[in-house]
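First comes the structure, then the notes that go with it.
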Amino acid sequence: MPDRAIRGSMTFTSLQFGIFVAVVFGAYYLPPLRRFQVQLLVLASLVFYGSGQPDLLPLLLLAVLGTYLCLVLAFDNRAVWMPAGIVFNLALLAFFKYKLLFIDPGAVHPTGVAPIDLLLRLPLPIGISFFVFHNISLLVDLTREKQPPPLRDVFLYIIFFPQLVSGPITRAGQFMPQIAPKQLSDVDFVAAAKWVLTGFFFKLYVANNLNEMTSYMDYPLYETVATPDRWLLVFLYSYQIYADFFGYSAIALGLGLLFGYRLPVNFDLPYISVSFSEFWTRWHISLSTWLRTYLYIPLGGNRKGPARTCLNLMIVMTLGGLWHSASLSYALWGMLHGLLLVVERPFLRLLGEAGPVVRVARMGVVFFCVTMLWIFFKLPNFDHALGYLAGMFSPTDNPNPTKLFRNMALLYALPVLIQHLGIGALLAGKLRRWEPYLYGGLAATAWLEAGPEAAFIYFQF
């Protein structure tokens, strides 16, 4: 996401956003406005999006209205208008994400045609991948119904502000039935507060503090880092990207509950996975589910033999990598994940009944491989990623390498480790009475020990 958009937008951790949510929440449950709750949330979502990229609000409206038009027409001719709507959305996504493959971004007049040049100079819209995925889900799911939903409901589903920028990606069939008048008495304030506090803690304390260290993974800073510390930084980034995205998703879930909507859980302790297929049922669950439902299964899934199944996995994961951006690093990241899924398939049944020692070993292998592949995610420039990798296996020649404070690194990564070791299960049992103190501690730590402000990693997608 462009720097100017980051500075101007109401990020979840900003004071402006807190005031914004308080005002919207107060108006939302006022009895005179109860009939207009959907419209109020739509307006609030437009204000939220416009705070970051006001120039691109017309594009957002175009995406919603274009999708709705195709949806309505698809009820008369689904075979034509549903694919047309999907192509329309994919064309939007491809234009903004991949236009730099074909034009020189430094050129003043790339084509010489003023209207086209104006379009080419538009920045990447915030959250375009997420609202395009919602649009496609809407077209596929709802064209099977008897009649199209009202336009206001479609607007709310696509641009609901807690999930607009970075998900979770909610299927239309899950969200649309929830659109109904909401009562203040039905709000689960305790659950909402838990999600929001947990999200703030993981973002502000864990992710932001780790970001200050993992910034040394960027080129050319990584050339100042000693070989052992390059290894340390890779593992710290693995914890950081989890804390950052889990933190965002947790805040989104809590905000959704405040307004009476249940969004899907997006993470389920992914770093305890014992297989790569299990990892993808625990990491960015809403994206994995979307890819499986709308891409893997239509390609044939595992119904057409082992060879076709392996090909489908490679296609889906490679496209999943390219979804992040048109970069060789992202493509390779997705392709290698697909390859790991293919390679492990014949061994899953053999290892299914293994004992605890083998299980722990498998967990370590999966975590190590996933962590190493984050290098390509962190460094979209393929040459930089290779340069970083090469330095992990050769001694540094820098006489004064950057000093990393390893004790602080462990302190910042510790919450992710503790969470994955099962503290949630303990809290649900014997330690439940200590929950208020725990969440109070999380809030105090997030406030007092927050790291330097950093944009959510997935804002750029």
Side-chain angles (χ1 to χ4, degrees), residues 11-22 24-26 29 162 166 168 184-213 235-236 238-272 282-283 285 405-454 456:
T11 61
F12 278 7
T13 55
S14 67
L15 175 62
Q16 301 97 302
F17 184 76
I19 296 172
F20 167 76
V21 170
V24 175
F25 180 82
Y29 288 105
S166 291
L184 183 62
S185 58
D186 295 330
V187 177
D188 191 342
F189 284 101
V190 174
K194 287 180 180 179
W195 279 116
V196 171
L197 287 175
T198 301
F200 269 79
F201 173 77
F202 273 88
K203 171 56 180 170
L204 296 175
Y205 176 75
V206 181
N208 283 4
N209 280 307
L210 288 177
N211 179 69
E212 196 171 16
M213 296 184 174
F235 285 92
L236 292 183
S238 191
Y239 295 125
Q240 178 200 341
I241 192 171
Y242 167 77
D244 190 276
F245 201 10
F246 168 74
Y248 180 97
S249 298
I251 297 171
L253 263 65
L255 293 174
L257 289 175
L258 287 178
F259 295 99
Y261 292 89
R262 292 191 174 273
L263 305 179
V265 174
N266 216 18
F267 291 89
D268 182 20
L269 307 179
Y271 291 153
I272 63 170
R282 293 174 174 269
W283 177 276
I285 299 170
F405 296 96
R406 299 183 179 185
N407 291 339
M408 296 303 295
L410 176 62
L411 199 61
Y412 297 141
L414 196 59
V416 179
L417 295 169
I418 292 174
Q419 185 196 37
H420 280 71
L421 289 174
I423 191 171
L426 286 174
L427 287 175
K430 297 180 180 179
L431 300 182
R432 189 175 184 85
R433 60 185 178 135
W434 296 100
E435 268 193 336
Y437 303 101
L438 170 67
Y439 284 100
L442 294 183
T445 305
W447 175 262
L448 297 173
E449 297 294 333
E453 183 179 358
F456 285 95

Quiz item: Could you go step by step and tell me if Asn407 and Leu411 meet the side-chain contact (heavy atoms from CB on, under 4.5 Å) rule?
Solution: CA-CA 6 Å; Asn407 291 339; Leu411 199 61; over 6 Å; no

Are [X] and [Y] side-chain neighbours, meaning at least one heavy-atom pair lies under 4.5 Å?
X	Y	result
Tyr205	Leu442	no
Leu410	Arg406	no
Asn211	Tyr412	no
Asp268	Trp283	no
Leu255	Phe12	yes
Thr13	Glu453	no
Val187	Leu257	no

Self-check item: Sequence-distant partners of Val196, side-chain contact (heavy atoms from CB on, under 4.5 Å), two or more places apart
Solution: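 Val196 satisfies side-chain contact (heavy atoms from CB on, under 4.5 Å) with Phe200 once adjacent residues are dropped.
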
Practice problem: Sequence neighbours left out, what passes side-chain contact (heavy atoms from CB on, under 4.5 Å) with Pro452? Give chain and number order. | Solution: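 Residues passing side-chain contact (heavy atoms from CB on, under 4.5 Å) with Pro452: Asn209, Glu212.
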
Practice problem: Verify the ring-centre separation between Phe245 and Phe456: is it less than 6.0 angstrom? | Solution: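 When the ring centroids of Phe456 and Phe245 are compared, they turn out to be at least 6.0 Å apart.
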
Self-check item: Centroid-centroid under 6.0 Å between Tyr29 and Phe25 rings
Solution: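 Yes.
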
Locate the shortest heavy-atom distance separating [X] from [Y]; write the atom from each residue and the value.
X	Y	result
Pro168	Leu263	CD-CD1, 4.4 Å
Trp195	Ala250	CB-O, 3.3 Å
Leu236	Met213	CD1-SD, 3.9 Å
Ala446	Phe201	CB-CA, 3.8 Å
Gly254	Ala192	O-CB, 3.5 Å
Val206	Ala243	CG1-CB, 3.4 Å

Quiz item: Partners of Arg262 by side chain to side chain donor-acceptor pair (under 3.5 Å), sequence neighbours excluded?
Solution: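 If we apply the side chain to side chain donor-acceptor pair (under 3.5 Å) test to Arg262, skipping adjacent residues, there are no hits.
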
Self-check item: Counterpart residues, side chain to side chain donor-acceptor pair (under 3.5 Å), relative to Tyr271 (two or more places apart)
Solution: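 Partners of Tyr271 by the side chain to side chain donor-acceptor pair (under 3.5 Å) criterion, ordered by chain and then number, come out as Ser238, Trp374.
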
Quiz prompt | Those residues that, when tested against Asp188, pass salt bridge (Lys or Arg N to Asp or Glu O under 4.0 Å) (two or more places apart) | solution =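 Asp188 satisfies salt bridge (Lys or Arg N to Asp or Glu O under 4.0 Å) with no residue once adjacent residues are dropped.
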
Quiz item: Which pairs with one or both residues in residues 244-253 pass side chain to side chain donor-acceptor pair (under 3.5 Å), sequence neighbours excluded?
Solution: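 Checked against side chain to side chain donor-acceptor pair (under 3.5 Å) - neighbours excluded - the pairs reaching residues 244-253 are Lys203-Asp244, Ser249-Asn266.
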
Exercise. Please work out which of the three classes, parallel, tilted or perpendicular, describes the rings of Phe17 and Phe20, given edges at 30° and 60°.
Key: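 The arrangement is tilted - the two ring planes meet at 30° to 60°.
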
